[in-house]
Engineer: 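Could you have a look at this structure, given as structure tokens, before my questions?
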2 protein chains.
Amino acid sequence: MNLKTLSEHLGLSPTTVSRALNGYSDVARETRERVERAASELGYRPNANAKRLATGRSSIIGVSFPTGRNMLVDPHFIDFLAGLSEEAAALDHDILISAIKDDVGEAYKRMAAKGTVDALVLLGLHLNNDVLELMQGLKLPFIVHGRIPSDFAYAYLDIDNHGALVQATRLMLQLGHTRIANLDGPVNQSFSKARAEGWREALQGAGITPEPAYLRHGQMTEENGYIFARELMALPTPPTALICSSVIMASGVYRACRELGLSIGSDVSVMAHDDDLPLFYPERMDPPLTVTRSPIRAAGCEMARMVINLINGASIQDCQQVWPVDLIFRASTAPPISKPGSAVGGAEKNS
Amino acid sequence: MNLKTLSEHLGLSPTTVSRALNGYSDVARETRERVERAASELGYRPNANAKRLATGRSSIIGVSFPTGRNMLVDPHFIDFLAGLSEEAAALDHDILISAIKDDVGEAYKRMAAKGTVDALVLLGLHLNNDVLELMQGLKLPFIVHGRIPSDFAYAYLDIDNHGALVQATRLMLQLGHTRIANLDGPVNQSFSKARAEGWREALQGAGITPEPAYLRHGQMTEENGYIFARELMALPTPPTALICSSVIMASGVYRACRELGLSIGSDVSVMAHDDDLPLFYPERMDPPLTVTRSPIRAAGCEMARMVINLINGASIQDCQQVWPVDLIFRASTAPPISKPGSAVGGAEKNS
DNA sequence: TTGTCAATCCAAAGCGCTTTGGTAATCTGG
DNA sequence: CCAGATTACCAAAGCGCTTTGGATTGACAA
């Protein structure tokens with residue numbers, strides 16, 4: 001059942017049927033209704049590829065992620081993808097995921113030239129990445145999750161990672177901590193850098209020199225949380241507060257503390273950034289985990305809307321958002337205990 | 001840069017250029033090489049939509065999952081998707097994920113008629129689902145992850161869930177357990193049913209009547225593992241062996257046992273099915289978890305290959321696989337302790 | 001020399017849709 | 001009653017590719 005046979009069936013021209021189905025005003029209401037009825041009765045669906053060829057639009061938005069295998073097993077990415085695809089579906093768009101193996105630039109060029117997708121959602125961009133320059137040269141609209149420094153204006157959605165760490169660090173400071181560690185994400189990711197800077201600034205604002213050994217970078221896994229916590233607590237002067245980049249990491253920290261016999265919320269304070277991942281519930285942890293919070297799934301939803309706006313001609317300036325994060329206080333953070341014998345720093349302040 | 005301008009540039013007809021690029025034999029080797037060189041130098045990429053319209057093939061395989069939100073947050077699904085997309089990319093196919101909201105049948109019909117995808121990969125099918133009958137009516141090739149009873153032959157890949165539970169139950173029996181619980185998946189899923197039947201048969205084979213209270217169905221979450229374990233252990237005659245449908249569930253069981261002061265591997269034996277999920281490592285659990293094992297990611301890879309074969313005309317009979325599972329014995333399973341005072345059943349047999 | 005055949009190449013007809021640039025009929029107001 | 005608007009429809013020209021069904025050439029055997 002294609003347009004031609006449907007139009008013959010109706011005794012109309014393909015033009016009129018097409019225009020009726022696409023909501024043009026130059027077709028009589030009565031005719032439109034007749035066409036719509038026939039189309040649904042006969043189960044007519046316009047051939048997507050013909051439509052795409054004729055219009056030059058595919059209603060498919062591509063999601064690309066550079067690192068191949070690693071990305072798809074990261075719950076952060078997945079939850080983001082869930083939000084994106086859900087909202088895209090609601091707006092009649094499909095999501096095409098393409099696992100890029102090696103040459104990212106080449107893959108983007110290919111996608112742009114092939115015309116399979118109307119726009120690209122870029123994820124997990126590294127710092128000092130030339131991908132933005134490359135995309136600028138292509139005609140394909142794109143939006144980035146996160147921000148990286150660039151001479152160009154581009155569409156993005158990011159959360160306020162810098163502000164999150166400022167808030168988190170200040171909270172620890174207000175509780176009286178001075179030895180505050182930052183268990184950060186991978187060193188080459190922009191969000192990690194923003195977090196590190198927020199941490200540094202908040203400390204310096206309180207007159208404390210950031211201790212380099214208290215800043216650790218790595219993939220946000222349970223494993224790394226565990227390793228970092230063990231290493232930090234083995235320092236001659238261990239931190240009393242640990243700020244983690246993810247709840248997953250924090251769960252590794254909890255495990256390390258349990259092994260070391262450290263009581264979280266008294267011996268050591270722990271907090272993390274909570275992306276609201278489906279399998280990790282900070283409020284159910286023992287003790288409940290203090291977090292800065294911003295659901296990554298919601299970011300996916302919003303980015304679907306934004307990228308579709310972009311396709312429809314919205315200006316780049318209208319497609320730039322930075323989301324603030326909430327600070328949710330729970331039992332994993334408390335004033336430090338001044339242990340006799342290891343009294344370094346102290347709790348001069350009270351919150 | 002399209003075919004026409006490229007062919008003008010070369011002083012050849014579009015026909016010849018097209019045929020050269022697509023490897024037809026009726027073009028001189030020298031010409032072909034000249035065309036290929038020019039194409040890569042000028043960065044020519046055939047327009048995907050024009051190609052699709054002309055050939056009727058899209059090289060896109062659709063993945064559909066009925067349950068909307070729940071699915072994308074399930075690590076099992078994600079890891080499967082990772083394998084699928086990786087292998088599909090290697091075979092020059094893209095993956096299109098469409099989150100279906102409400103009417104599944106309608107959505108499939110739409111996909112089939114639109115021609116966006118060459119085939120569909122069906123996941124998470126419920127028992128007594130009419131989706132197979134529906135797909136049979138469509139011309140779109142499809143393959144199912146799992147098996148559900150049907151009058152038709154259809155392509156599928158499944159693991160031997162029945163055999164897995166037979167193996168697991170027999171292991172527990174050989175260790176001397178007689179009160180063996182099955183913490184199964186959702187009741188309306190075919191794999192859960194197969195597992196329940198395997199459990200039942202293995203017990204009956206040993207002359208033991210399956211105790212209905214020992215069979216629990218539910219989503220394979222940590223939460224449910226915890227709840228089921230608490231409930232089972234609160235029975236007047238609690239089981240001494242727990243077989244879980246997933247490592248995730250088992251981690252909930254571990255938590256429950258810790259709380260109850262039960263020592264896993266002596267007070268109670270625990271095992272699970274291991275899909276080889278990236279964030280759940282049974283060998284690192286404490287104690288290491290005995291499992292039946294079959295990487296779900298590998299299933300995704302293989303299904304990509306199978307569905308592409310199917311598109312290329314392979315017979316349905318050649319696209320049916322059932323994978324055996326490995327049994328990996330670790331410290332979480334051991335002979336039961338005959339507690340004085342609650343001696344019900346016993347360890348008559350030795351392995 | 002002539003017919004045959006393989007080797008190369010190409011014109012033109014789609015694939016199924018949208019969109020441009022109309023035409024014909026009907027409706028206005030003067 | 002007529003010029004100009006308005007309304008409702010449609011023919012035909014693409015979109016950029018593949019594929020069918022030749023056409024052309026030169027080699028080779030008869």
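A quick note: this is a predicted structure, and the numbers were derived from the prediction, not measured.
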Engineer: Output the rounded distance in Å from CD (B:Glu30) to C1' (C:dA7).
Structural biologist: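 In whole Å, C:dA7 C1' lies 14 Å from B:Glu30 CD.
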Engineer: Take the protein atom NZ of A:Lys51 and the nucleotide atom P of D:dC17, then report the distance between them rounded to whole Å.
Structural biologist: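 One finds 22 Å between P of D:dC17 and NZ of A:Lys51, rounded.
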Engineer: Tell me: CZ of A:Arg52 to P of D:dG16, nearest whole Å?
Structural biologist: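 Interatomic distance, CZ of A:Arg52 to P of D:dG16: 16 Å.
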Engineer: Would you say A:Tyr24 places a side-chain N or O within less than 4.0 Å of OP1 or OP2 belonging to C:dT19?
Structural biologist: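 It does, given that an N or O in the side chain of A:Tyr24 lies less than 4.0 Å from OP1 or OP2 of C:dT19.
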Engineer: Does A:Arg45 pair with B:Glu106 as a salt bridge, N-O distance under 4.0 Å?
Structural biologist: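 Yes, A:Arg45 and B:Glu106 are salt-bridged.
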Engineer: Take the protein atom CG of A:Leu10 and the nucleotide atom P of D:dC9, then report the distance between them rounded to whole Å.
Structural biologist: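 Taking CG of A:Leu10 and P of D:dC9, I get 11 Å after rounding.
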Engineer: Return yes when atom NE2 of B:His76 has more than 12 non-hydrogen atoms of other residues, nucleotides or ligands closer than 6.0 Å, and no otherwise.
Structural biologist: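 Counting neighbours around NE2 of B:His76, more than 12 heavy atoms of other residues, nucleotides or ligands fall under 6.0 Å, so yes.
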Engineer: Does a nitrogen or oxygen in the side chain of B:Thr55 sit under 4.0 Å from OP1 or OP2 of D:dC17?
Structural biologist: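 No, because none of the side-chain N or O atoms of B:Thr55 sits under 4.0 Å from OP1 or OP2 of D:dC17.
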Engineer: Test side-chain contact (heavy atoms from CB on, under 4.5 Å) on A:Leu125 and A:Val144 and set out the steps.
Structural biologist: CA-CA 8 Å; A:Leu125 256 45; A:Val144 180; 3.7 Å; yes
Engineer: Are B:Asp276 and B:Arg297 close enough for a salt bridge, meaning some N to O gap below 4.0 Å?
Structural biologist: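 Salt bridge flag = no for B:Arg297 with B:Asp276.
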Engineer: Closest to the A:Ala54 side chain: D:dC9, D:dC17, D:dC15?
Structural biologist: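 The nucleotide sitting nearest to the side chain is D:dC15.
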Engineer: Could a donor-acceptor pair under 3.5 angstrom be found where the side chain of B:Asp26 meets the base of C:dC9?
Structural biologist: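 Under the 3.5 Å cut-off, the side chain and the base do form a donor-acceptor pair.
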Engineer: Do B:Phe152 and B:Glu133 come within less than 4.5 Å of each other through their side chains, counting heavy atoms only?
Structural biologist: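 Yes - at least one pair of side-chain heavy atoms lies under 4.5 Å apart.
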Engineer: Using ring centroids (six-membered ring only for Trp), state whether A:Tyr156 and A:His145 fall under 6.0 Å.
Structural biologist: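 No; A:Tyr156 has its ring centre 6.0 Å or more from that of A:His145.
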Engineer: Enumerate the residues from residues 11-22 of chain A whose closest heavy atom to DNA chain C is under 4.0 Å, giving them by residue number; use none for an empty result.
Structural biologist: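 Output list: A:Thr15, A:Ser18, A:Arg19, A:Asn22.
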Engineer: Base, sugar-phosphate or nothing for A:Thr31? Non-hydrogen atoms, less than 4.0 Å.
Structural biologist: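 Since only primed, P, OP1 and OP2 atoms lie under 4.0 Å of A:Thr31, the category is sugar-phosphate.
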Engineer: To the nearest Å, how far apart are B:Tyr44 OH and D:dG16 P?
Structural biologist: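 Those two atoms, OH and P, are 10 Å apart.
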Engineer: Quick check: does any side chain N or O of B:Ser7 sit under 3.5 Å from a backbone N or O of B:Leu3, one acting as donor and the other as acceptor?
Structural biologist: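 Yes, the answer is positive, given that a donor and an acceptor are paired below the 3.5 Å cut-off.
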Engineer: Could you give the CG-to-C1' distance, from B:Leu53 to C:dA13, as a whole number of Å?
Structural biologist: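 Going from B:Leu53 (CG) to C:dA13 (C1'), I get 13 Å.
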Engineer: Whole-Å distance between D:dC15 C1' and A:Leu3 CG?
Structural biologist: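 So the two atoms are 15 Å apart, to the nearest Å.
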Engineer: Roughly, in whole Å, what's the span from CG in A:Asn49 to C1' in C:dC15?
Structural biologist: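 After rounding, the reported distance stands at 10 Å.
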